[in-house]
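Worksheet: the structure to be examined is printed underneath.
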Amino acid sequence: YGIAAEVAVTGLRGRTLPPELASALYRIAQEALTNVAKHAGATQASVIVERPDGEVRLIVEDDGRGFDVAPTLEHARHARRLGLAGIEERAALVGGTLTVESSPGAGTTLYVRLPVPSGDRSSGD
């Protein structure tokens with residue numbers, strides 16, 4: 001799609017995520033990047049994955065055309081389409097949240113927070 005992308009991952013060295021959480025994180029990132037490629041008209045995107053204690057965070061940002069968040073999310077939820085509604089639903093299924101920041105002409109940033117079960121005692125950083 002001709003979109004330059006940067007990826008940064010912190011806090012996962014030597015640590016694993018439960019399989020269902022790892023799968024959700026992967027699928028959410030995949031759908032977010034598919035949205036950037038198909039709809040944003042972006043030339044650049046960045047993906048940040050970080051894991052502070054108790055959660056894993058995914059931030060996907062693009063320099064695309066942006067959109068009005070509230071009506072777009074509402075339409076996506078009612079149309080039961082993939083994309084943002086699918087990301088929101090996938091995050092909720094593992095106890096997580098999605099926050100979207102965007103406005104026309106200003107790009108889009110998705111913030112996904114997924115809780116890591118307290119029983120996860122992986123070591124390392």
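Nothing here was measured: the structure is a model prediction, and the numbers come from that model.
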Check your understanding: Between Ser102 and Gly107, is there a donor-acceptor pair closer than 3.5 Å when you use the side chain of the first and the backbone of the second?
Key -> yes

Note to self: Just so I know, are the side chains of Ile28 and Leu98 near enough to count as touching, which here means a heavy-atom distance under 4.5 Å?
What the structure shows: no

Would a distance-only check, ignoring hydrogens and angles, find a side-chain to backbone donor-acceptor pair under 3.5 Å from Ser23 to Pro19?
no

Linked, directly or transitively: Val69 and Ile87 (ILVMFWY side chains, under 4.5 Å): yes

Distance col, row Leu93:CG vs Leu21:CG, nearest 0.5 angstrom, shows 12.0 Å

In the structure I gave you, are the side-chain heavy atoms of Leu58 and Leu110 within less than 4.5 Å of one another anywhere?
no

message = With a 4.5 Å cut-off on side-chain heavy-atom distances among I, L, V, M, F, W and Y, is there a chain of contacts connecting Ile3 to Ile48?
response = no

Inset, instruction - State whether the side chain of Arg65 and the backbone N or O of His39 hold a donor-acceptor pair below 3.5 Å, judged by distance alone. - result: yes

* Asked: According to a 4.5 Å side-chain heavy-atom criterion applied to Ile, Leu, Val, Met, Phe, Trp and Tyr, with indirect links allowed, do Leu25 and Val7 form part of one hydrophobic cluster?
  -> yes

Exercise. Treat each ILVMFWY residue as a node, draw an edge where side-chain heavy atoms are under 4.5 Å apart, and state whether Tyr111 and Leu33 are in one component.
Key: no

Minimal heavy-atom distance between Ala24 and Arg90, with the atoms involved, is O-CD, 3.9 Å

One should read off an interatomic distance between Leu114 CG and Arg57 CZ, to the nearest 0.5 angstrom, of 11.0 Å

Can you check whether Val9's main-chain N or O pairs, donor with acceptor, with Arg51's side chain at less than 3.5 Å?
no

- Would a hydrophobic clustering, with Ile, Leu, Val, Met, Phe, Trp and Tyr connected at side-chain separations under 4.5 Å, put Ile59 with Val36? no

Hey, are Lys38 and Asp62 close enough for a salt bridge, meaning a charged N less than 4.0 Å from a carboxylate O? no

Query raised in the report: When you measure from the side chain of Glu31 to the backbone N and O of Gly83, does any donor-acceptor pair fall under 3.5 Å?
Result: yes

I would like to know whether Leu17 and Val116 meet side chain to side chain contact (heavy atoms under 4.5 Å, CB included); could you show each step before the answer? CA-CA 7 Å; Leu17 295 172; Val116 175; 4.0 Å; yes

